Q: 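What follows is a structure written as structure tokens; I'll ask about it next.
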Number of protein chains: 2
Amino acid sequence: MEYTYDHPRPALTVDIVIFTLRENRLQALLIQRKDDPFRGMWALPGGFVHMDESLEDAALREMEEETGLKEAYLEQLYTYGAPERDPRGRVVTVAYFALIPADAPFRREGGSDAAQAQWCTVSELPPLAFDHTEIAAYALRRLRYKLEYSAVGFELLPDEFTLTELQYTYEIILGEKLDKRNFRRRILEANIIEPTPQRRTGEGRPARLYRYQPDAVAEVKARRLFP
Amino acid sequence: MEYTYDHPRPALTVDIVIFTLRENRLQALLIQRKDDPFRGMWALPGGFVHMDESLEDAALREMEEETGLKEAYLEQLYTYGAPERDPRGRVVTVAYFALIPADAPFRREGGSDAAQAQWCTVSELPPLAFDHTEIAAYALRRLRYKLEYSAVGFELLPDEFTLTELQYTYEIILGEKLDKRNFRRRILEANIIEPTPQRRTGEGRPARLYRYQPDAVAEVKARRLFP
DNA sequence: CCAAAAGTGTTTGCTCTACACCCATGG
DNA sequence: CCATGGGTGTAGAGCAAACACTTTTGG
């Protein structure tokens, strides 16, 4: 089959599930639609792919428009192309998920078009427009899955963090409690973080600060990191 | 960002990495290009997404055009959208991989447009047009990975098969020898195949025939099936 | 000195791996 | 009866899970 160029073409968009940790919850960013269809409903941030940008650049641009943040962990999820997924016509969307650190300087009160934007705890998402509920559910599944065999959890934390903070992050995302000694042993033996000279002081004994070892990408581990 | 409909749109295609077992090798189907760019080079089968069909339907349609086969295990891989991946203009492609059984009635001498089609052992692929080398490499990585934690290997075998045939399949795809007793124990304990009353007779002791248990979807196993 | 959080090892069970011989049939 | 591939069990090692107390600081 040879490519030709005079056919009608589907519209191509990107949609992004932007995760962060806020208020001890895993939250995702939602945008309230101000036009039909689905006016007033919540939806994932997203928009057109321009002719001169890659899909990933499109996702980053949309993310910056909504959050003011230029950098984040970004990963392509899946491409949704059911013919009837958008009532206005044929729209194929490439879904991404992004992780932004808890301390990132997020610009609130939303996007370039002043649409209402809001963080929402992932376990309490409202009904979403289009097939975005399905996309968000898949993003969460993927995040949990990746957490088990790769080092993606660090992307949600500041540059420096304590082991307890890291463990909380894992527990929040996985939705279960982890054993402190097993957690520390495994995360340290995996050689993906290194101690810094600093300690974080507060109530109780000061905690050593660690940082992510960027060279040890710790991509696909043979075994999942946590059970 | 609101969707609008008057922008120029990228062209949208699907490309498929069709795997099968032939001559004790894992092979993929390639098409020889008969037009520029890349005239004469080999490429993955693929083509336009029509306005009224889903992405998966487009992939199945292209596969039927090239092979005559209507059904196969089909899985979306990744969407490639670098602006310069096609020298003729902006083309975004959704890549799929397909598994067809060794005994499937494959229609040779190719596609609807009589392009030259040929099976090629995956470890000896020629240079491919566009970014298809990258796509094929990713498909192989994904196939190997899935083999380890899901029951996808059966899709390459006939409905009924012996345990030895199944083990050969795994060994061919993974590229390593497996222990017979460990293989049999684990595949049987996983409860994803069931014995049939038949045996396959030939040289040596007749072998019991098994069939895939379609209800036991055996989706994501907690542990990989084989090391 | 008390409250609060940080930090630290060992034992037990289970799973994975390595390994060699007998069985059933056809010619 | 012999050649060929089919079929079977066990012992040892390594890994994962469960589990409780001591240490360091601030108030």
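Throughout, a chain's letter reflects where its sequence line sits, starting with A, and its residues are numbered from 1. As a basis for the values below, the full set of heavy atoms in this structure was taken, side chains included, without hydrogen atoms, waters or symmetry mates. The structure displayed is predicted, hence computed values, not measured ones.
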Q: ring-ring contact (aromatic ring centres under 6.0 Å, His included) with B:F97: which residues, sequence neighbours excluded?
A: none

Q: Can you list everything that forms a side chain to side chain donor-acceptor pair (under 3.5 Å) with B:R200? Sequence neighbours excluded, please.
A: B:E165

Q: Look at all strands and tell whether B:T162 reaches a base, only sugar-phosphate, or nothing, counting heavy atoms closer than 4.0 Å.
A: nothing

Q: Can you name the residues that form a side chain to side chain donor-acceptor pair (under 3.5 Å) with A:S54, not counting sequence neighbours?
A: A:D57

Q: Does A:N24 have any side chain to side chain contact (heavy atoms under 4.5 Å, CB included) partners at least two apart in sequence or in another chain, and if so, which?
A: A:I172

Q: Could you tell me which residues satisfy ring-ring contact (aromatic ring centres under 6.0 Å, His included) with B:Y138, sequence neighbours excluded, listed by chain and number?
A: none

Q: Between the protein and nucleotides 10-12 of chain C, which nitrogen or oxygen pairs are less than 3.5 angstrom apart?
A:
from: C:dT10; atom 1: O4; to: A:R185; atom 2: NH2; distance (Å): 3.3

Q: Restricting to side chain to side chain donor-acceptor pair (under 3.5 Å), what partner residues turn up for A:E134, sequence neighbours left out?
A: none

Q: Among C:dA20, C:dA6, D:dG6, which is the nearest nucleotide to the side chain of B:R181?
A: C:dA20

Q: B:Q27 and B:T20: side-chain donor and acceptor closer than 3.5 Å?
A: no

Q: Take the protein atom NZ of B:K177 and the nucleotide atom P of C:dA18, then report the distance between them rounded to whole Å.
A: 14 Å

Q: Please report the distance, rounded to the nearest Å, between CD in B:E176 and P in C:dA18.
A: 11 Å

Q: Taking 4.0 Å as the cut-off, does a side-chain nitrogen or oxygen of B:T164 come that near to OP1 or OP2 on D:dG5?
A: no

Q: Roughly how many Å is it from OH in A:Y210 to P in C:dA6, rounded to a whole number?
A: 12 Å

Q: Could you check how far CG of B:D179 sits from P of D:dG7, rounded to whole Å?
A: 15 Å

Q: With A:T133, which residues qualify under side chain to side chain donor-acceptor pair (under 3.5 Å), at least two apart?
A: none

Q: What is the distance from NZ of B:K180 to P of C:dA18, rounded to the nearest Å?
A: 17 Å

Q: When the distance from CZ of B:F183 to P of C:dT17 is rounded to whole Å, what number comes out?
A: 14 Å

Q: For the side chain of A:R184, starting at C-beta, report the closest nucleotide among D:dT8, C:dG7, D:dC19.
A: C:dG7

Q: Taking the side chain of A:R186 as its heavy atoms from C-beta onward, which of D:dA16, D:dC19, D:dG9 lies nearest to it?
A: D:dA16

Q: Over how many whole Å does the gap from A:F161 atom CZ to C:dA5 atom P extend?
A: 20 Å

Q: Whole Å only: how far is the CG atom of A:L188 from the C1' atom of C:dA6?
A: 13 Å

Q: Going by the rule ring-ring contact (aromatic ring centres under 6.0 Å, His included), which residues pair with A:Y80 if we only count those two or more places apart in sequence or in a different chain?
A: A:Y78

Q: Between B:R185 and B:E189, is there a salt bridge with N-O shorter than 4.0 Å?
A: no

Q: Shorter than 3.5 Å, N or O on both sides, protein versus nucleotides 24-27 of chain C: list them out with atom names.
A:
from: C:dA24; atom 1: O4'; to: B:R205; atom 2: NE; distance (Å): 3.4

Q: List for me each residue that meets ring-ring contact (aromatic ring centres under 6.0 Å, His included) alongside A:Y96, sequence neighbours excluded, and say none if there are none.
A: none

Q: How about A:F154 and A:F161: are their ring centres within less than 6.0 Å of each other?
A: yes

Q: Let me test you: for the helix from C:dC1-D:dG27 to C:dG27-D:dC1, what is the angle between the axes at its two ends (five pairs each), rounded to 10 degrees?
A: 0°

